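Here's the structure, in structure tokens; my notes come after.
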Amino acid sequence: MILYKDHIIELDYQPAQDLLITCQPSIRPYDAREVRSAFISIITFVKEYNITRLLLDFTRNTQDLSETEYKTNMAQLTVGLLQTSLQKVARLTTSDAIREQKIASMLDTIQGAVPMVVEVGMFTSKEEAVRWLLHKEG
């Protein structure tokens, strides 16, 4: 069920699996403010629906933000999601090795500064990410 959709992001909730899937409905240029707005939408719906699993699919993303903009937005998303029932986050990686290196480095920095109770996984395929998200330990 589509919970939210605008020109930047679409939030598709699968209630039977308690899984929120995010994606970009179109490829277009955007700025840091729009990214921040999209992240606020994700946080809002994760809180509102008490979601425990999240798949971030920004593989259609062709825009490259500055390092400061990336850090600010990722920190906002991370801190916002820590205040939820979220247990697992899977992120689909892009084919841009430089971008992925930047994101991994920033995630390491954030995880070093803020205790993370959420499991985070990076995946190259949606199927692999969903399998990991739905896998229950024990």
Side-chain angles (χ1 to χ4, degrees):
M1 117 177 81
I2 303 299
L3 297 180
Y4 179 80
K5 182 177 181 176
D6 66 15
H7 62 285
I8 294 284
I9 195 164
E10 178 178 296
L11 304 178
D12 182 11
Y13 182 50
Q14 309 294 314
Q17 294 139 342
D18 191 28
L19 173 60
L20 181 65
I21 300 171
T22 69
C23 69
Q24 291 177 274
S26 63
I27 298 175
R28 68 180 269 300
Y30 56 87
D31 60 27
R33 181 188 52 77
E34 291 174 303
V35 172
R36 200 168 21 262
S37 175
F39 285 176
I40 289 169
S41 296
I42 293 169
I43 294 164
T44 300
F45 283 99
V46 166
K47 283 181 181 178
E48 187 174 322
Y49 284 81
N50 210 26
I51 293 168
T52 60
R53 297 177 189 94
L54 174 64
L55 174 60
L56 300 171
D57 179 358
F58 297 119
T59 53
R60 297 181 77 185
N61 176 6
T62 58
Q63 188 75 20
D64 197 17
L65 301 176
S66 73
E67 189 169 334
T68 302
E69 290 169 331
Y70 266 127
K71 283 181 182 177
T72 301
N73 284 325
M74 282 185 65
Q76 176 195 12
L77 180 63
T78 303
V79 170
L81 291 176
L82 287 175
Q83 303 166 16
T84 69
S85 299
L86 201 62
Q87 297 171 5
K88 285 179 145 183
V89 177
R91 181 181 169 276
L92 294 182
T93 58
T94 66
S95 58
D96 184 338
I98 294 169
R99 175 180 288 153
E100 292 307 317
Q101 183 181 8
K102 275 198 277 188
I103 291 171
S105 175
M106 283 182 253
L107 184 59
D108 287 343
T109 301
I110 291 169
Q111 288 176 325
V114 179
M116 299 285 286
V117 294
V118 176
E119 288 183 74
V120 178
M122 304 286 193
F123 300 90
T124 56
S125 82
K126 186 174 182 177
E127 294 75 21
E128 182 184 13
V130 169
R131 208 173 16 259
W132 177 79
L133 284 165
L134 298 179
H135 179 75
K136 295 186 181 178
E137 299 296 322

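Note: hydrogens, waters and symmetry copies are ignored here, and every other heavy atom, side chains too, is used. For clarity, every value in this text was computed on a predicted model and none was experimentally measured.
- Lys5 and Pro25 make their closest contact through CE-CB, 3.7 Å (heavy atoms, listed as atom of the first residue, atom of the second, distance).
- Crowding of Ile98 atom CD1: a count of heavy atoms from other residues, nucleotides or ligands under 6.0 Å not exceeding 12.
- A donor-acceptor pair is defined here as one N or O able to donate and one able to accept, closer than 3.5 Å; such a pair exists between the side chain of Thr72 and the backbone of Thr68.
- Taking 4.5 Å as the limit, every side-chain heavy atom of Arg91 sits out of range of all side-chain heavy atoms of Val120.
- Taking OH of Tyr4 as the start and CG of Leu11 as the end, the distance is 8.0 Å to the nearest 0.5 Å.
- Legend: residues meeting ring-ring contact (aromatic ring centres under 6.0 Å, His included) with Tyr13, ordered by chain and number and at least two apart, are Tyr49.
- Taken from CD1 in Ile8 to OG in Ser37, the straight-line distance is 8.0 Å, to the nearest 0.5 Å.
- Note: Arg53 CZ to Leu134 CG = 5.5 Å, rounded to the nearest 0.5 Å.
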Quiz: residues 80-87 side-chain donor-acceptor pairs under 3.5 angstrom, not counting sequence neighbours:
from  : atom 1 : to    : atom 2 : distance (Å)
Thr84 : OG1    : Leu81 : O      : 2.6
Thr84 : OG1    : Leu86 : N      : 3.2
Ser85 : OG     : Asn50 : OD1    : 2.5

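- Remark: Thr59 OG1 to Leu92 CG distance equals 6.0 Å, nearest 0.5 Å.
- Summarising the geometry, atom CD1 belonging to Ile21 is positioned 5.5 Å from atom CG belonging to Leu55; distances are rounded to the nearest 0.5 Å.
- For the atom pair Leu56 CG and Gln24 CD, the distance stands at 11.0 Å (nearest 0.5 Å).
- Remark: the backbone N or O of Met1 is paired with a side-chain donor or acceptor of Asp12 at under 3.5 angstrom.
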